[in-house]
Amino acid sequence: MSFSAPHVLRHLLLAGAAALCVTGGAAAQSNSQQQPAAGSGLILPGAVQPQQPQGGPAAGTIGGPAAGTIGQPQQQQPQARPAAQGPAAGTVGAAAQGAPAARPAAVAPPKPAKPGVPKGEWQVGPQVFSDGTFKMCGASVEYDNNLHLILLRNPADRTQMVLGIPGAQMPTGQRAPIKMSIDGKINREVAAVVSQPNALAIGLGDDAELLKGLTTGSVLTIEVPGDTASFQLKGTTKAMNDLTACVKGGKDGTLKLPAPTEPAIAPTLAKLLVDAGLSSARAIPIDKIPPQQRPGDYAWQIGDKVLGAVRSFPMGEAAGDFTKVGDTYMEQLKKSCEGTYTPAMGAIEKVPAYQLRSGSVSCDSNGNKIHVAIVMQLIELPKQAGQEQAIRVLNVFSHEATDAEKAQADSASAGILKVLKEKGKEPLTAPQAAPAAKAN
């Protein structure tokens, strides 16, 4: 991996953070977009959109579900956020690129009950990124068999189907072979991926015959390993036409777009940055960046060449104490440097609310030096009644720059550390019923 000043956003932390072996993070869905420049506007408390109510996040939370986490808000129902944590970045419908797993021939799928009937009209509308720009259009409908069908189309005119299964608890990221049939005349076997615990994303790509069949056929049958469901295709002709018109309007700029449902940066994190003296930082809408290139759960830019980010890792007890967790992170980070890797981390500091550790690492690859200032924060809350395990979260704040701007990165990191020390003077209060920690 080599670095140069114009490509500072292709940062050292990515591969190391993503590969941290003590946690199991799930990549979030992104559409085919160029990596954006930092957003305009200051990160000020009044300039950040308030988060949607999430039923009271746990103590210490910065926009996330578990105590101390700095992650995305909890997932909505499939019809609201059908594309979250979907197939590999590149296009909606990229799931079709994956090779389906072999299916045991001895297992015969059950015959579907009578086809589900739509409970209403197909609802078509645009979706936007966290910065308010056009993302894609979706058409969704609920059936009387309690399942949902969602059709998504991105600006590249790639189409994806999402099968929503309310209440399901499927392992996110798992791939499965899917058989689709329209009236028994059009038959396809495609790959699908569990995009949310209650949603299965099925790539349709640019299969013209299949897409046309959805508008002219009568019954769609979807067969997954061990189960089969069928759906009346009532209203799909209008839905697909409306979907096409919606995408065209989004690309032309003539479509009225909704307000973002999530902020580009969490309000509490924005306040922390302001308190740290970083009010000039500009939020980066990370949902426009492919998952494998995202610097963290939230990101910001200072000046032209300093990239700030924060990422949360829920920690199991098996991950060990803070020393072991920190050392594991640094070893994983080392794998991202194709050159001379030099860590310089300080000792662990304890405050009543959590533990902190700060320092920096550098990577010298063929004379291109990258400097990353780091603050680690480990939050541990005692196990409460009804919890299977205690809540432990590692938050990693980073500021990355070329060697010439390392003083600015170090200064930003020092500001974060000062604020965390001040805020940590009082112990965190564990919630009465905290949700289980999960990867973001």
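Counting from 1, the numbers follow the sequence of the chain as shown.
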Q: Can you tell me if Arg282 uses its side chain to pair, donor with acceptor, with the backbone of Gly303 under 3.5 Å?
A: yes

Q: Quick one: NE2 on His399 to CG on Leu278, what's the gap to the nearest 0.5 Å?
A: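 CG of Leu278 is found 5.0 Å from NE2 of His399.
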
Q: Taking the side chain from Gln332 and the backbone from Lys335, do they hold a donor-acceptor pair closer than 3.5 Å?
A: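 Pair absent, no side-chain N/O of Gln332 close to backbone of Lys335.
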
Q: State whether the side chain of Tyr341 and the backbone N or O of Ser362 hold a donor-acceptor pair below 3.5 Å, judged by distance alone.
A: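 Here the side-chain-to-backbone pair does not exist.
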
Q: Answer yes or no: is there a side-chain heavy-atom contact under 4.5 Å between Arg188 and Lys179?
A: no

Q: Let me confirm one number: the CZ-CG distance from Arg158 to Leu152, rounded to the nearest 0.5 Å.
A: 13.5 Å

Q: Evaluate the side-chain proximity of Gln377 to Val396: yes if any heavy-atom separation is below 4.5 Å, no if none is.
A: no

Q: Is any side-chain heavy atom of Val393 closer than 4.5 Å to a side-chain heavy atom of Met315?
A: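 They are not in contact (no side-chain heavy atoms under 4.5 Å apart), so the answer is no.
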
Q: Can you tell me how far CD of Glu349 sits from OG of Ser358, rounded to the nearest 0.5 angstrom?
A: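 Between atom OG of Ser358 and atom CD of Glu349 there are 5.5 Å.
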
Q: Can you tell if the side chain of Lys406 reaches within under 4.5 Å of the side chain of Asp403, non-hydrogen atoms only?
A: yes

Q: Looking at Val194 and Pro171, what are the two nearest heavy atoms and their distance?
A: CB-O, 3.4 Å

Q: Within the distance-only criterion (no hydrogens, no angle test), does the side chain of Arg311 pair as donor or acceptor with the backbone N or O of Phe397 below 3.5 angstrom?
A: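 Flag not set: sc Arg311 to bb Phe397 has no pair under 3.5 Å.
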
Q: According to side chain to side chain contact (heavy atoms under 4.5 Å, CB included), who are the partners of Asp131, at least two apart in sequence or on a separate chain?
A: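 So Asp131 forms a side chain to side chain contact (heavy atoms under 4.5 Å, CB included) with Phe129, Thr133, Pro285, Lys288.
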
Q: Using a 4.5 Å cut-off on heavy atoms from C-beta on, say whether the side chain of Val310 contacts that of Trp300.
A: yes

Q: Please check if the side chain of Arg294 supplies one atom and the backbone of Ile289 the other of a donor-acceptor pair under 3.5 Å.
A: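 Checked: pair present.
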
Q: Are the side chains of Glu380 and Leu378 in contact, using a 4.5 Å heavy-atom criterion?
A: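 In short, these two side chains touch, coming nearer than 4.5 Å.
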
Q: Using modelled atom types only, decide if a donor and an acceptor are shared between the side chain of Asp297 and the backbone of Ser312 within a distance under 3.5 Å.
A: yes

Q: First locate atom CG of Leu257, then atom NZ of Lys135, and finally report the distance between them rounded to the nearest 0.5 Å.
A: 13.0 Å

Q: Any side-chain heavy atom of Ile370 sitting closer than 4.5 Å to one from Asn368?
A: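 Not in contact.
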
Q: Show me the side-chain donor-acceptor pairs of residues 409-419 shorter than 3.5 Å, one per line, residues at least two apart or across chains.
A:
{"residue": "Asp410", "atom": "OD1", "partner": "His371", "partner atom": "NE2", "Å": "2.7"}
{"residue": "Asp410", "atom": "OD2", "partner": "His371", "partner atom": "NE2", "Å": "3.4"}

Q: Are the side chain of Asp364 and the backbone N or O of Thr340 linked by a donor-acceptor pair below 3.5 Å?
A: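 Looks like no, no N/O pair under 3.5 Å.
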
Q: Could you state the interatomic distance from CG (Leu149) to CG (Leu163), rounded to the nearest 0.5 Å?
A: 6.0 Å

Q: Has the side chain of Lys350 got a donor or acceptor atom that lies under 3.5 Å from a matching backbone atom of Gln355?
A: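 Between the backbone of Gln355 and the side chain of Lys350 there is no qualifying donor-acceptor contact (under 3.5 Å).
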
Q: Please report the interatomic distance CG(Leu151) to CG(Leu204), rounded to the nearest 0.5 Å.
A: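 So the CG of Leu151 and the CG of Leu204 are separated by 7.0 Å.
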
Q: Can you check whether Arg392 reaches Ile379 side chain to side chain, under 4.5 Å on heavy atoms?
A: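 When only atoms from C-beta onward are counted, Ile379 and Arg392 do not touch, as no gap falls below 4.5 Å.
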
